[in-house]
Number of protein chains: 2
Amino acid sequence: MRKNYHIYAAYMKALSDETRINIFDMLAQGELCACKILEEFNITQPTLSYHMKILCDSGLVSGRKDGVWMKYSINRDNLEIVKELFEGIGVSLQTQNNCTAKCSAKC
Amino acid sequence: MRKNYHIYAAYMKALSDETRINIFDMLAQGELCACKILEEFNITQPTLSYHMKILCDSGLVSGRKDGVWMKYSINRDNLEIVKELFEGIGVSLQTQNNCTAKCSAKC
DNA sequence: CATATACATAGATATGTGTCAATGTCTATT
DNA sequence: AATAGACATTGACACATATCTATGTATATG
């Protein structure tokens with residue numbers, strides 16, 4: 001089963017903006033409405049809307065309409081996929097720790 | 001101690017390209033020289049050089065010169081920082097699991 | 001020293017990104 | 001029905017990004 005680097009890259013791209021990864025981390029504390037998020041940044045409302053759309057389109061964040069408000073939260077399943085990618089890389093690095101010398105391919 | 005979202009965003013940006021995150025994952029298996037990496041992709045050598053520079057500048061990858069070859073490997077310390085970011089977010093989500101209803105702030 | 005190999009740099013270009021002001025849409029309240 | 005508030009969409013624009021071809025630089029080898 002080959003890895004889908006396209007979707008991994010899409011997740012990373014969604015978080016590659018300082019404002020967006022900050023928002024993502026805020027959402028770790030729980031669901032938030034757009035207006036609450038907006039208070040924390042020096043950006044206009046359309047710019048926030050733009051960023052939230054990117055986060056939602058990536059699948060890392062979910063939005064639901066609650067009356068007048070849009071409430072955003074982290075999509076746990078997709079966060080898990082990202083977590084597992086980096087954990088897997090970490091494990092691979094540990095595993096090849098003690099055979100690097102003898103295993104390193106000649107160029 | 002506030003989180004440095006600027007550096008997190010920089011890590012994500014380095015991995016936000018499909019080719020680059022693929023390379024990063026290849027390096028999980030061990031150190032590789034540029035020519036070996038190049039064989040795996042349909043890109044020109046200057047394009048690979050461009051991507052490797054971005055990965056190295058971010059701090060996620062280290063390069064060392066070995067004769068004619070450039071050998072690249074993952075910088076474990078900075079991988080750890082990325083891992084911990086996502087693990088921390090996962091833990092926060094679990095923690096607020098059973099109090100979401102009562103804790104969710106009114107908008 | 002001349003040559004080949006591995007990689008980097010420069011310049012050009014098409015496309016993508018982040019931001020804003022202006023405007024539109026939907027929902028609740030008076 | 002009119003109004004106000006919350007959010008989305010559009011259009012414009014400056015800037016960044018990914019890619020290529022052409023060229024430069026360093027290192028090993030005959």
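Protein chains get the first letters and strands the later ones, always in sequence-line order, with residue 1 at the start of each.
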Protein-nucleotide distance ([X], atom [atom1]; [N], atom [atom2]), rounded to Å:
X	N	atom1	atom2	value
Lys71(A)	dA6(D)	NZ	P	13 Å
Met12(B)	dG18(C)	CE	P	15 Å
Leu15(A)	dT17(C)	CG	P	14 Å
Leu38(B)	dA6(C)	CG	P	10 Å
Glu18(A)	dT17(C)	CD	P	18 Å

Fill in: Heavy-atom side-chain proximity of Leu32(B) to Tyr72(B) below 4.5 angstrom
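A side-chain contact is absent here, since even the closest heavy-atom pair is not under 4.5 Å.
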Fill in: Polar side-chain atom of Ser49(B) near backbone of Pro46(B) as donor-acceptor pair, under 3.5 Å
no
Practice prompt. Give a yes or no on whether the backbone of Met26(B) and the side-chain of Gln29(B) come within a donor-acceptor separation of less than 3.5 Å.
Written response: no
Item to complete: Go through the structure and list residues passing side-chain hydrogen bond (donor to acceptor under 3.5 Å, both in side chains) with Thr47(B), not counting sequence neighbours.
Response: Thr44(B)
Fill in: Pairs flagged by salt bridge (Lys or Arg N to Asp or Glu O under 4.0 Å) wherever residues 42-58 of chain A is involved - sequence neighbours left out
Lys53(A)-Asp57(A)
Item to complete: For residues 15-29 of chain B, pull every pair meeting salt bridge (Lys or Arg N to Asp or Glu O under 4.0 Å), keeping only residues two or more places apart or in separate chains.
Response: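 Only Lys3(A)-Asp25(B) qualify under salt bridge (Lys or Arg N to Asp or Glu O under 4.0 Å).
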Worksheet item: Roughly how far apart are Phe24(B) CZ and Met12(A) CE, rounded to 0.5 Å?
Response: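 Reported to 0.5 Å precision, the distance equals 10.0 Å.
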For residues 58-67 of chain B, tabulate all N or O donor-acceptor pairs below 3.5 Å that involve a side-chain atom, not counting sequence neighbours.
residue, atom, partner, partner atom, Å
Ser58(B), OG, Leu55(B), O, 2.7
Ser58(B), OG, Leu60(B), N, 3.1
Arg64(B), NE, Glu31(B), OE2, 2.7
Arg64(B), NH2, Glu31(B), OE1, 3.0

Worksheet item: With the sugar-phosphate defined as primed atoms, P, OP1 and OP2, and the base as all remaining atoms, what B/S/- string results for nucleotides 8-20 of chain D, 5' to 3', for protein heavy atoms under 4.0 Å?
Response: BB-------SBBB
Worksheet entry | Protein proximity profile, nucleotides 24-30 of chain D - base contact B, sugar-phosphate-only contact S, no contact -, cut-off 4.0 Å on heavy atoms | --SSS--
